[in-house]
Amino acid sequence: MAMSKGAVELISEIHMESVQTVTPLTITEPRQARQVLTADPIGSGIFRHCLHILLYHTKASQDDARWFHVGWLKESLARALLVQPIFAGRFREGDELMEIVSNDSGIRLLETRIPTSLSEFLDFRGREDAEAELVFWKDIDEQNPQYSPLVYVQVTNFQCGGCSIGISCSLLLADILLKENFIKKWADIHNNMLSQDDLPAAPMYYFRNIKKSTDCSPTSIFISNANKKSGQTMIFTIPGEHVNSENHDALQFCVEEAESKFGTKMAPKCSLFLKTKSCNSIKVENFPKDGLIKPKSGLQSQIAAEIWDDFGSNDVEFRKGNKPALVSYWIGFVSGGVVMAMPSADQKGCPDEVKVIVTVPYQDEF
């Protein structure tokens, strides 16, 4: 979809302040690894699909500027990566194996500034078009994937003192981001860190103020592939015993429900990201939408519709009492459609339920 004129004018005023790399506070030992299992020729989508989560925080008090200072966010994120160091990892390819390894190469952190207030931006009619500029994503390099970050964080400061925090994550790690509620864990660590009496007056490692240059603009170096208008999403919960690598019938029902709601069709074969029972692997394959057997009516009654808010980001407080004014979620690079299936384990280790995220393309894109 074409971006509105107002959105184009607004985002042209966004200025990049800094670009930094965040690594875990201490060296990760032993290293973690997640196998990426691919059963079919799946094309470049595996390197392009991503999840965007964008949180808007108002300035509730004069002290909020300190709590949302990018330098402190960087330090608390480094501590949070001790919990999930895989986010700071990179691809590693072998002859017969592709995996993500927590080698501490880091998350990319960007700070930007926009010449408008948060309230004006949220009321802006072209906000959904402009939101893509408040997150950053660069497609993983197909030829040399080992050099590409898998997670980006962009902090955008508004004139009023409010800010937005945009997280972009490869779909190969998105189940950890959502099901483990990593953003909330980061926010809790941030709260605890800034509540300490012996905290220094300023963060130790913080660099900013990239100067505008006619010869070499930072925006020409750091080109984002983030796209707001990629597709529309429905979320479902399915009993765990009905979803596995051999049985996709319940997923077929979810796809048909999403197609019916949004009035558009997915490709005959779209991307399926299936989290396996093992916490150390994720399977990516072509989802054969056509030709699957429709699930029995009894199973259909067990499939429940959910919403993005159920993942908990609306309750994230980087400063206690200051919940997001708004949270936006969307899947980047939908192409012919994307299906994600993320099981959660019960106390016995068996899949208790599966969250299914179905994103269908806009009709004029497919």
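Because the structure is predicted, anything quoted here is derived from the model rather than measured.
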Is there a donor-acceptor contact under 3.5 Å from the side chain of [X] to the main chain of [Y]?
| X | Y | result |
| --- | --- | --- |
| Asp188 | Lys185 | no |
| Gln154 | Ser164 | no |
| Glu259 | Met266 | yes |
| Asp104 | Pro24 | no |
| His49 | Phe333 | yes |
| Asn191 | Glu317 | yes |
| Arg31 | Gly89 | no |
| Arg127 | Glu120 | no |

Exercise. Do Leu81 and Val101 belong together in a cluster built from hydrophobic side chains that touch within less than 4.5 Å?
Worked result: no
Side chains of [X] and [Y], donor plus acceptor under 3.5 Å:
| X | Y | result |
| --- | --- | --- |
| Asp139 | Trp137 | yes |
| Trp186 | Ser76 | yes |
| Thr21 | Arg108 | yes |
| Glu306 | Thr237 | yes |

For this session: Please determine which of Ile235, Ile357, Val358, Val339 meets the side chain to side chain contact (heavy atoms under 4.5 Å, CB included) test together with Cys254.
Result: Val358
Just checking [X]: does its [atom1] atom have more than 12 heavy atoms from other residues, nucleotides or ligands closer to it than 6.0 angstrom?
| X | atom1 | result |
| --- | --- | --- |
| Ile307 | CD1 | yes |
| Arg90 | CZ | yes |
| Lys269 | NZ | no |
| Asp197 | CG | no |

Exercise. Residues two or more places apart in sequence or in another chain: which of them pass side-chain contact (heavy atoms from CB on, under 4.5 Å) with Asp141?
Worked result: Gln143, Asn144, Ser148
Problem set entry | Pair Tyr329 + Phe311: ring centers closer than 6.0 Å | no
Considering all heavy atoms, the nearest [X]-[Y] contact:
| X | Y | result |
| --- | --- | --- |
| Val151 | Ile107 | O-CG2, 3.5 Å |
| Glu99 | Ala33 | OE1-CB, 3.8 Å |
| Pro324 | Asn314 | CD-O, 3.4 Å |

Exercise. Would you call the rings of Phe318 and His190 parallel, tilted or perpendicular, where under 30° means parallel and over 60° means perpendicular?
Worked result: perpendicular
